[in-house]
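Proteins get letters first, then strands, A, B, ... in listed order; numbering begins at 1 in each. Quantities reported herein were computed from a predicted structural model and do not represent experimental measurements.
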Protein chains: 2
Amino acid sequence: MHASPLDLVFHALADPTRRDMLRRLSTGERTVGELAEPFAMSLAGASKHIRTLEAAGLVRREVKGRQHLCRLDAARLAQASEWLRFYERFWTERLNVLDALLREDDSKGDTP
Amino acid sequence: MHASPLDLVFHALADPTRRDMLRRLSTGERTVGELAEPFAMSLAGASKHIRTLEAAGLVRREVKGRQHLCRLDAARLAQASEWLRFYERFWTERLNVLDALLREDDSKGDTP
DNA sequence: CATTTGTTCAACCATGTGGTTGAATATCTG
DNA sequence: CAGATATTCAACCACATGGTTGAACAAATG
């Protein structure tokens, strides 16, 4: 497994359960049990999802006694957002028809 | 498969080959063969990646004679970006040192 | 027409993924 | 100490994924 950070982040985000966990972490720290509670899923199952989020660097864990407190770490989300930002012009420039036509012309040559 | 659009988009983005294809599509349309060329991978393999991008709504295909022209469709990227935008405050607030210190104080429980 | 070119399809394979269960490990509490 | 609580670990399962190959199909070309 030589997956890049961006691979791990996007993969972590590609699951609704994990996105839901992140959403709930946005309002404050949660224990593993609290994060798992809303889902019709074993605790071990939810724990795996949290580990995936942790591996992607989206969640930090602080072991506090017998419970593990999880908190959001948004730095990697910022990276993902930055990656997407490159394409921003493709949905904001939508109105600029001239520009689209110019790009069409450019693409006939073969070097990027 | 009852995967939501966001699931499909993030999953499609979680692979470096597919991200690379998108990046190259940002400079103009490409045929399947052109998209596949840079990779040490069979054409059928690359074709599958393109199908994944298409299923996620990130790429549109226009069959033109015997070759299939692919173009970027950024709408779904905009959706993904919007999803991420919710968390923006967590990485822009970072500069607000006072805020960070207040959170720190809360979590300590004892002040020097 | 036969052949080459661009692409997909179908079958297959190894590995990864999301989930389960039952046992193990810590930690708090009486 | 014994027991309850919070969490992980390990083994397992069904299915998806990323890749291969060889054959098939469609369209341009001699």
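The CD atom of Glu62(B) sits 13 Å away from the P atom of dT7(C) (whole-angstrom rounding). Nucleotide dC25(D) holds its P atom 15 Å from the NE2 atom of His68(B), rounded to whole Å. We find that CZ of Arg51(B) is positioned 14 Å from C1' of dA16(D), with the value rounded to whole Å. Between the CG atom of Leu53(A) and the P atom of dT17(C) there is a distance of 13 Å, rounded to whole Å. Between the NE2 atom of His11(B) and the C1' atom of dT17(D) there is a distance of 7 Å, given to the nearest Å. Rounded to a whole Å, the CD1 atom of Ile50(A) is 8 Å from the P atom of dT7(D). The nearest whole Å value for the distance from the CG atom in Asp7(B) to the C1' atom in dA16(D) is 14 Å. Summarising the geometry, the separation between CG on Leu69(B) and P on dA27(D) is reported as 15 Å, rounded to the nearest angstrom.
Glu82(A) pairs by the salt bridge (charged side-chain N to carboxylate O under 4.0 Å, His left out) definition with nothing, not counting sequence neighbours. In terms of the salt bridge (charged side-chain N to carboxylate O under 4.0 Å, His left out) criterion, residue partners of Asp7(B) (sequence neighbours excluded) are, by chain and number, Arg19(A). With sequence neighbours left out, the salt bridge (charged side-chain N to carboxylate O under 4.0 Å, His left out) criterion links Arg24(A) to Asp20(A).
Ranked by how close their nearest DNA chain D nucleotide is to the 5' end, Gln67(A) and Gly65(B) are led by Gln67(A).
Of all the residues in residues 31-45 of chain A, Thr31(A), Val32(A), Gly33(A), Leu43(A), Ala44(A) reach under 4.0 Å from DNA chain D with at least one non-hydrogen atom.
Judged by distance alone, the side chain of Ser81(B) and the main-chain N or O of Ala78(B) form no donor-acceptor pair under 3.5 Å. Between the side chain of Arg18(A) and the backbone N or O of His11(A) there is at least one donor-acceptor pair closer than 3.5 Å.
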Under 3.5 Å, N/O pairs linking protein and nucleotides 11-14 of chain C:
none

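Of the candidates Tyr87(B), Phe86(B), Phe90(B), Leu77(A) forms a side chain to side chain contact (heavy atoms under 4.5 Å, CB included) with just one, namely Tyr87(B).
The number of heavy-atom neighbours closer than 6.0 Å to CZ of Arg85(B), taken from other residues, nucleotides and ligands shown, is 12 or below.
Under the salt bridge (charged side-chain N to carboxylate O under 4.0 Å, His left out) criterion, the residue pairs touching residues 49-58 of chain A are Glu54(A)-Arg61(A), with sequence neighbours excluded.
Judged by atom type and distance alone, Arg66(A) does not reach the base of dT7(D) through any side-chain donor-acceptor pair under 3.5 Å.
By the 30° and 60° cut-offs, the orientation of the rings of Trp83(A) relative to Phe10(A) is perpendicular.
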